[in-house]
Engineer: 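Pasting a structure below so you can have a look.
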Amino acid sequence: MFEILGIPSSALFGQLLIGLINGSFYALLSLGLAVIFGMLNIINFSHGAQYMLGAFAAYLLLQYSGLGYWPALVIAPLLVGATGVIVERLFLQWLYKLDHLYGLLLTFGLALIIEGVARNYFGSAGLPYIVPESLQGGRNLGFMFLPNYRAWVIVASLTICISTWFVIERTRLGAYLRAATENPTLVRAFGINVPRMITLTYGFGVALAAFAGVMAAPIYNVSPQMGSELIIVVFAVVVIGGMGSILGAIVTGFGLGVIEGMTKVFFPEASNTVIFVIMAIVLLVRPAGLFGRRG
Amino acid sequence: MIEAPTPLLAVNALQAWYGESHILHDVNFDVREGEVATLLGRNGAGKTTTLKSIMGIVGRRTGSVRFEGQELINRPSDQIARAGIAFCPEERGIFASLGVEENLLLPPVVRPGGLSLERIFELFPNLKERLGSSQGTKLSGGEQQMLAIGRILRTGARLLLLDEPTEGLAPVIIQQIGKTIRALKEQGFTILLVEQNFRFAATVADRYYVIEHGRIIDQFVNAELEANVEKLHDYLGV
């Protein structure tokens, strides 16, 4: 055991790990928000509820169909993503030409309904979800103990984030998405079915939230309010990174998770507020966010 | 000259609105296979709106737009593009978040028979040099115009709608665009050109339509141009 700046290394690395875990969820959720905002111009306030739905879907799949963690990791995002497609077709598609406020209010209302229904059926106490057998245990790295499941969460989140970034920034499909963000009318006049692309983008963003929810289930328990607790921080992350910036969402998500973890070590009193302090400073100095484009 | 029995594009009784304002009142004209037809008219006469109405990107439109005999008036614009019509907008529509190559490859191929990239670079050698540029909008105005035309040549569309391709460009570039349009015609493309620059139009067009207050008020072919110059100056106010 050694010390860094008077802090035992195990405590430091332990908090670093927690920071990276939280950062994994911040990054996944703010990535989904960024993708949705970029394409739909909608601030998706039901993102936290959709994350919670992902966790509940995993829980219910296990309870009623005996489907464990790995199938749930695929099925839950597909199911919740499909509800996103329905929401987009039924409600959101009518709001694109209106002020952001309408989309925000609609999705916020939706979040309240989803949470209320979940609380009605499951109560507000958390339901346990066990770590899948293949990821139980952990390994001693010498300077700290690393639970396998947590290592998996970080790797999986990074993989999904980088793949999403790659698809959007480096592929033909991504070029369609970026072009349609700029000028949907012209992209459509080239022969691309933009409305369908928008629907699927929302479905994908919602599926990302559900994926994060499934991954969170073994760590944070499954509860109706798990999303609303997290989403406030995630919105701060999005504001800091720059609304609609893919890379900004990923880097800021992980970065702020780590900063939050480190604050817990060096100045624990500020650990719950540090992200919001950073948000206030960023808003003053760079209102478009660290990675945001102006205008 | 042998003319096709039905025109490639037939526009009849076309009306169009932007919100409450009624822009096109009664537009009727044909474009025949393989020709370059030009819509001439003053600012605000309805030239751009006519192209946008054909493409299906104005608020509301009625009447008839038939392409290869198919009625397109009620189709969404992505299906109109897939029918084989390509649009090059006046503002060029180069995407800032896409590199030059991505801009060039953006419009999907809608049918076989489009130009190869090599052929496009023969027409626009500058584009090949600028291919690596990371932002399409960092090109000069002339290069952006070439990119905007070049990218719709790949798609296999047979009818190209070009909205004021010479606007704001230097004379030497206007000449290059004129050369390109003549080359495209030789390769069998049909082109509907919107122009305010009558002198430029006269170097490429086979047929002229004059539009005013949302109506086609006159038309003539290239052979009749001399006889109509006086009248045209009057229409266009030059």
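We name chains A, B, ... by the order of the sequence lines, and we start the count at 1 in each one.
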Engineer: Verify side-chain contact (heavy atoms from CB on, under 4.5 Å) between B/Arg32 and B/Thr190, making sure each step is shown before the conclusion.
Structural biologist: CA-CA 7 Å; B/Arg32 292 172 203 180; B/Thr190 305; over 6 Å; no
Engineer: Measuring heavy-atom distances to chain A, does B/Ala96 have an atom under 4.5 Å in its side chain, in its backbone, in both, or in neither?
Structural biologist: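 Its backbone and side chain both get close to chain A.
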Engineer: Tell me, side chain or backbone of B/Leu161 under 4.5 Å from chain A's heavy atoms, or both, or neither?
Structural biologist: neither
Engineer: Under a 4.5 Å heavy-atom cut-off, does chain B meet the side chain of A/Ile192, its backbone, both or neither?
Structural biologist: both
Engineer: Could you tell me which portion of A/Arg178 (side chain, backbone, both or neither) has an atom closer than 4.5 angstrom to a non-hydrogen atom of chain B?
Structural biologist: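 Both parts, heavy atoms under 4.5 Å.
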Engineer: Against B/Thr166, only a single residue in B/Gln145, B/Gln196, B/Glu195 fulfils side chain to side chain donor-acceptor pair (under 3.5 Å); can you say which?
Structural biologist: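 Single pass found, and it is B/Glu195.
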Engineer: Which bit of B/Pro108 is near chain A, if near means a heavy-atom gap under 4.5 Å: side chain, backbone, both or neither?
Structural biologist: both
Engineer: Tell me, out of B/Lys52, B/Arg82, B/Met55, B/Gln79, who's got the most heavy-atom pairs with chain A below 4.5 Å.
Structural biologist: B/Arg82
Engineer: Between B/Asp78 and A/Arg188, does any side-chain N to carboxylate O distance fall below 4.0 Å?
Structural biologist: yes
Engineer: Go through the atoms of B/Leu106 and report whether side chain, backbone, both or neither lie under 4.5 Å from a heavy atom of chain A.
Structural biologist: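 Both the backbone and the side chain of B/Leu106 come within 4.5 Å of chain A.
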Engineer: Considering only NZ, NE, NH1 and NH2 on the basic side and carboxylate oxygens on the acidic side, decide whether B/Arg111 and B/Glu68 come within less than 4.0 Å.
Structural biologist: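 Salt bridge flag = yes for B/Glu68 with B/Arg111.
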Engineer: Indicate whether any N or O donor in one side chain lies under 3.5 Å from an N or O acceptor in the other, for B/Gln15 and B/His22.
Structural biologist: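 Looking only at side-chain atoms, B/His22 and B/Gln15 do form a donor-acceptor pair, the distance falling under 3.5 Å.
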Engineer: Please examine the side chains of B/Val27 and B/Asn12, heavy atoms only from C-beta on, and report whether any two atoms are closer than 4.5 Å.
Structural biologist: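 Not in contact.
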